[in-house]
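Data block below; observations after.
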Amino acid sequence: QVQLVESGGGLVQAGGSLRLSCAASGRTFSGYGMGWFRQAPGKEREFVAALNWSGTSTNYADSVKGRFTISRDNAKNTVYLQMNSLKPEDTAVYYCARGFTGAPLRDVSQYRYWGQGTQVTVSS
C-alpha cells in the first residue's frame with residue numbers, strides 16, 4: 001500500500017501563491033510518475049500537472065501552464081506543486097496521486113493511489 005498526504009492548501013487572494021506538498025509512505029515512490037488533480041464543487045476531477053519518475057519530464061493542463069510548477073524530491077518521498085498567479089477559478093480540492101507507471105500521465109484512470117486532498121480557495 002501507498003499512503004499519500006497532501007498539505008499546504010489554504011485561502012489566498014487572487015494573484016497570490018501557494019505551495020502544495022504530498023508526502024508518500026509505504027511502497028516505492030521514486031519509480032513512479034506522480035500527478036496533481038483538482039476537483040471543484042459540482043465538477044469532475046481534472047488533471048493539473050504530472051511528473052515522471054525521475055523528475056525530468058512534466059505535463060501540465062493548459063489552464064495552469066506557466067503559472068504552476070510540479071517537482072519532486074525522491075530522497076524525501078515528496079512531490080510539490082508551486083502555484084503562482086492564482087485565480088478564483090483555481091479554487092478546488094487538490095489531490096496528489098501515484099501512477100501505475102513512471103510516465104507523467106494525464107488521465108485519472110492511470111493513477112492507482114490517491115491522497116485525501118487539500119482545499120485551495122482563491123478569493124477575488
Side-chain angles (χ1 to χ4, degrees):
Q1 277 292 83
V2 174
Q3 292 80 42
L4 301 173
V5 179
E6 301 96 337
S7 61
L11 174 63
V12 64
Q13 288 189 332
S17 298
L18 284 174
R19 188 193 195 202
L20 304 184
S21 299
C22 173
S25 61
R27 299 184 66 182
T28 306
F29 168 82
S30 59
Y32 294 89
M34 296 294 295
W36 285 96
F37 294 77
R38 66 188 182 188
Q39 188 166 17
K43 294 188 176 182
E44 292 188 353
R45 192 168 299 189
E46 65 173 4
F47 170 75
V48 175
L51 185 67
N52 73 332
W53 68 275
S54 63
T56 57
S57 179
T58 58
N59 205 338
Y60 292 96
D62 288 345
S63 59
V64 307
K65 201 171 292 184
R67 300 189 297 123
F68 291 11
T69 302
I70 188 172
S71 62
R72 68 191 296 163
D73 185 338
N74 285 342
K76 295 183 179 179
N77 281 2
T78 301
V79 63
Y80 305 97
L81 185 68
Q82 178 66 44
M83 305 186 295
N84 299 328
S85 302
L86 282 161
K87 304 175 181 179
E89 51 263 44
D90 293 318
T91 295
V93 177
Y94 283 71
Y95 299 89
C96 71
R98 198 207 81 174
F100 284 100
T101 74
L105 303 173
R106 303 172 68 95
D107 198 292
V108 168
S109 66
Q110 294 164 325
Y111 286 83
R112 180 174 183 181
Y113 297 104
W114 293 81
Q116 299 279 32
T118 185
Q119 176 71 46
V120 171
T121 303
V122 184
S123 63
S124 57

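In what follows, every heavy atom counts, from backbone to side chain, and hydrogens, waters and symmetry copies are set aside. Along the sequence shown, residues are numbered consecutively beginning with 1.
- The minimum heavy-atom distance between Gln82 and Ser17, with the atom names listed, is NE2-CB, 4.0 Å.
- A 4.5 Å side-chain heavy-atom check between Tyr94 and Met83 finds at least one atom pair inside the cut-off.
- Every side-chain contact (heavy atoms from CB on, under 4.5 Å) that Thr56 has, sequence neighbours left out, goes to Asn52, Ser54.
- Remark: Gln119 CD to Thr91 OG1 distance equals 7.5 Å, nearest 0.5 Å.
- In this structure, Tyr111 and Gly35 approach most closely via the heavy-atom pair CE2-N, 3.5 Å.
- Taking Gln116 as the reference, nothing meets the side chain to side chain donor-acceptor pair (under 3.5 Å) condition, with sequence neighbours excluded.
- A heavy-atom distance below 4.5 Å is found between the side chains of Val79 and Trp36.
- Contacts of Gln39 classified as side-chain contact (heavy atoms from CB on, under 4.5 Å), with partners at least two apart in sequence or in another chain: Arg45, Tyr95.
- Looking at residues two or more places apart in sequence or on another chain, you find a side chain to side chain donor-acceptor pair (under 3.5 Å) between Asn74 and Arg72.
- Using a 4.5 Å heavy-atom cutoff, the side chains of Val122 and Val120 are in contact.
- Residue pairs meeting the salt bridge (Lys or Arg N to Asp or Glu O under 4.0 Å) criterion with at least one member in residues 54-68, sequence neighbours excluded: Asp62-Lys65, Arg67-Asp90.
- Atom OG of residue Ser123 and atom CD of residue Gln13 lie 5.0 Å apart, to the nearest 0.5 angstrom.
- Applying the disulfide (SG to SG under 2.5 Å) test to residues at least two apart or on different chains, none of the pairs has a partner in residues 39-80.
- Listed by chain and residue number, Ser21, Ala23, Lys76, Tyr80 satisfy the side-chain contact (heavy atoms from CB on, under 4.5 Å) test with Thr78 (two or more places apart in sequence, or in another chain).
- Shown here are the ring-ring contact (aromatic ring centres under 6.0 Å, His included) partners of Phe47, two or more places apart in sequence or in another chain: Phe37.
- Every residue meeting the side-chain contact (heavy atoms from CB on, under 4.5 Å) condition with Ser63, not counting sequence neighbours, appears here in chain and number order: Arg38, Ala61.
- Partners of Trp53 by ring-ring contact (aromatic ring centres under 6.0 Å, His included), not counting sequence neighbours: none found.
- Between Val108 and Glu46 there is no side-chain heavy-atom pair separated by less than 4.5 Å.
- To the nearest 0.5 Å, atom CG of residue Asn77 and atom CD of residue Gln3 are 11.5 Å apart.
- Looking at residues two or more places apart in sequence or on another chain, you find no side chain to side chain donor-acceptor pair (under 3.5 Å) involving Ser30.
- Of the possible donor and acceptor atoms, none in the side chain of Arg19 sits under 3.5 Å from a partner among the backbone N and O of Gly9.
- Grouping Ile, Leu, Val, Met, Phe, Trp and Tyr residues whose side-chain heavy atoms lie under 4.5 Å apart, directly or via other members, leaves Val5 alone, with no other cluster members.
- Checking each of Leu20, Val48, Thr58 against Ile70 for a side-chain contact (heavy atoms from CB on, under 4.5 Å) leaves exactly one that passes, namely Thr58.
- With a 4.5 Å cut-off on side-chain heavy atoms, Leu86 and Phe68 count as touching.
- Tyr60 and Leu105 sit in two unconnected hydrophobic clusters of ILVMFWY residues. Membership requires side-chain heavy atoms under 4.5 Å apart, directly or through other members.
- The heavy-atom pair separating Ser124 from Pro88 by the smallest distance is CB-CG, 3.8 Å.
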